[in-house]
Student: 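Below: one structure in structure tokens.
Fair warning: this is a prediction, and the values are worked out from it, not measured in the lab.
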Number of protein chains: 2
Amino acid sequence: MKRIERRSDCPISLSLDIFGDKWTLLILRDFIFFDNRHFNELVTIEKISTNILADRLKRLLNNDILKKEIDVYNKSSYLYSLTEKGIEIIPIVIEIYKWGANNIEGNNANGKFKSEVNSNFSKVTAEIVDRIKTTHNTVSYEKH
Amino acid sequence: MKRIERRSDCPISLSLDIFGDKWTLLILRDFIFFDNRHFNELVTIEKISTNILADRLKRLLNNDILKKEIDVYNKSSYLYSLTEKGIEIIPIVIEIYKWGANNIEGNNANGKFKSEVNSNFSKVTAEIVDRIKTTHNTVSYEKH
DNA sequence: ATTTGTACTTGTAATATGCAAGTGCTATTG
DNA sequence: CAATAGCACTTGCATATTACAAGTACAAAT
């Protein structure tokens, strides 16, 4: 993972140095839309290779976008959570969702990936943020 | 440029298949924030290689995000413009700007890349969209 | 006729990705 | 308590993408 660290001081460039690739925002989508928080759940849908997933999770941890702790409901598993900084990426992901749903033919915004994002952007965003803030900021976790 | 075309039907995945890389959104930033619209202007700041720039412009043209026409003020130059579909990417770029400015230390959001985005997101976005709509939708162009 | 400007293209080495298989640790099962 | 299974990775290697430097093509200016 040798990577140019800082191409310029532009906030957009610095952001893309962290998540400007084909996979990172999809991993974060899994947290945001599907509540996937374990390593082997995050491999799904687009079939990311495990070496790439491990690399990206490491980068997100290093950049304080995710945190990692032992899952209290399964001690042999790790639970990843979004940090406050990670939660602030949600609006970006939502905007990308909106653009794809509105501008790419053949997308599945009304099927498996249906969302009410378009009809009420700020409401949906706020709901997601609220849900994640309550489930990711504490170790107790009610999924399994 | 062999590229997996469609990893899934998720709108986010489809969007990232188009602009999920380190450079594409930076090129669009140049359009949005700096009004750079010619090939050799778009190379600046982060020093993108010309082969990558040519490839990305081709992809943006193929996906109807940019259009290309001869610059009426310099017939040996091409002028690239954002399409309606391209203009709709602006909110994504603005959200990324905000995140970087708020969450990455050492960014230059108060220097060269200063913007009023944070203080008034919707106003700034609307202003940029208005400006681009008037300058990019017509062949007449008043920069040079 | 030669230089300059603009927009690329090409060659090649370095880097990153994708795929399959393997490792190490922790329960859990017979 | 030895064998199995689940989970979270790591490793090796072929393929694909990127970075860098140089070159090409064509129009306009000198």
Student: D/dC9 P sits how many Å from A/D71 CG, rounded?
Tutor: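 To the nearest whole Å, that distance equals 13 Å.
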Student: Please tell me if B/K58 has a side-chain N or O lying less than 4.0 Å from either OP1 or OP2 of C/dA7.
Tutor: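 False: B/K58 side-chain N/O out of range (4.0 Å or more) of C/dA7 OP1/OP2.
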Student: Could you state the atom-to-atom distance from CG of A/D55 to C1' of D/dA8 in whole Å?
Tutor: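 After rounding, the reported distance stands at 15 Å.
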Student: If you take the centroid of each ring, where Trp contributes its six-membered ring, are A/F33 and A/F113 closer together than 6.0 Å?
Tutor: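 No, too far apart.
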Student: So, does A/K75 get its side chain near the phosphate of D/dA8, meaning an N or O under 4.0 Å from OP1 or OP2?
Tutor: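 No.
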Student: Is B/F39 touching bases, backbone alone, or none of the nucleic acid, heavy atoms closer than 4.0 Å?
Tutor: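 B/F39: base contact, heavy atoms under 4.0 Å.
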Student: Which residue, A/S76 or A/K47, contacts DNA chain C at a nucleotide closer to its 5' end, judged by nearest heavy atom?
Tutor: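 On the 5' side of the pair lies A/K47.
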Student: Quickly work out the B/H38 NE2 to C/dG5 P distance and round it to whole Å.
Tutor: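 Rounding to the nearest Å, NE2 of B/H38 and P of C/dG5 are 15 Å apart.
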Student: Dump the intermediate steps for salt bridge (Lys or Arg N to Asp or Glu O under 4.0 Å) on B/D21 and B/R56, then the final yes or no.
Tutor: CA-CA 10 Å; B/D21 71 282; B/R56 297 304 187 274; 3.1 Å; yes
Student: Rounded to the nearest angstrom, tell me the gap between atom CG in B/L53 and atom C1' in C/dT6.
Tutor: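 So the CG-C1' distance, B/L53 to C/dT6, works out to 12 Å.
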Student: How is A/N40 classified with respect to the nucleic acid when contacts are heavy atoms under 4.0 Å: base, sugar-phosphate, or nothing?
Tutor: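 If one applies the 4.0 Å heavy-atom cut-off, A/N40 turns out to touch the sugar-phosphate alone, with no base involved.
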Student: Can you identify which nucleotide, out of C/dT26, D/dA19, C/dT6, has its nearest atom closest to the B/I52 side chain?
Tutor: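 Per side-chain heavy atoms of B/I52, the pick is D/dA19.
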Student: Short question: side chain of B/D55, backbone of B/N51 - any donor-acceptor pair under 3.5 Å?
Tutor: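 No, B/D55 side chain to B/N51 backbone: no donor-acceptor pair under 3.5 Å.
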Student: If you count every heavy atom of other residues, nucleotides or ligands that lies below 6.0 Å from B/Y78 atom OH, does the total exceed 12?
Tutor: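 Check fails, neighbour count at 12 or below.
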Student: Can you tell me which nucleotide in D/dC9, C/dG18, D/dC7 comes closest to the side chain of A/N74?
Tutor: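 Within the option list, the nearest is D/dC7.
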Student: Expressed as a whole number of angstroms, how long is the span from A/R56:CZ to D/dC9:C1'?
Tutor: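 Taking CZ of A/R56 and C1' of D/dC9, I get 15 Å after rounding.
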Student: Measuring to OP1 and OP2 of D/dC9, would you say a side-chain N or O of A/Y80 lies under 4.0 angstrom away?
Tutor: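 Checking A/Y80 against D/dC9: at least one side-chain N or O falls below 4.0 Å of OP1 or OP2.
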Student: Can you check whether B/S77 has a side-chain N or O nearer than 4.0 Å to OP1 or OP2 of C/dA7?
Tutor: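 True: B/S77 side-chain N/O within range (under 4.0 Å) of C/dA7 OP1/OP2.
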Student: Anything under 30° is parallel, anything over 60° is perpendicular, the rest tilted; go ahead and classify A/W99 against B/F19.
Tutor: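 Plane angle over 60°, so perpendicular.
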Student: Return no unless some side-chain N or O of A/W23 is found under 4.0 Å from OP1 or OP2 of C/dG18.
Tutor: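 Yes, such a contact exists.
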Student: Quick check for you: among D/dC9, D/dA22, C/dT6, whose closest atom lies nearest to any side-chain atom of A/T50?
Tutor: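 Of the options given, the side chain of A/T50 lies nearest D/dC9.
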Student: Indicate whether OP1 or OP2 belonging to C/dC8 is found under 4.0 Å from a side-chain N or O atom of B/K68.
Tutor: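 Indeed, a polar side-chain atom of B/K68 lies that close.
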Student: Separation of A/I48 atom CD1 from C/dA20 atom C1', in whole Å?
Tutor: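 For the pair A/I48 CD1 and C/dA20 C1', the rounded distance is 16 Å.
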Student: Rounded to the nearest Å, what distance is computed from the CG atom of residue B/L79 to the P atom of nucleotide C/dC8?
Tutor: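 To the nearest whole Å, that distance equals 12 Å.
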Student: Without decimals, in angstroms, what is the distance between B/Y78 OH and D/dA28 C1'?
Tutor: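 Distance, rounded to whole Å: 14 Å.
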Student: Describe, in one word, how the ring planes of B/Y80 and B/F31 are oriented to each other, choosing from parallel (under 30°), tilted (30 to 60°) and perpendicular (over 60°).
Tutor: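 Rings of B/Y80 and B/F31: perpendicular, over 60°.
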Student: Can you figure out which of C/dT9, D/dA8, D/dT10 approaches the side chain of A/N51 most closely?
Tutor: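 That would be D/dT10.
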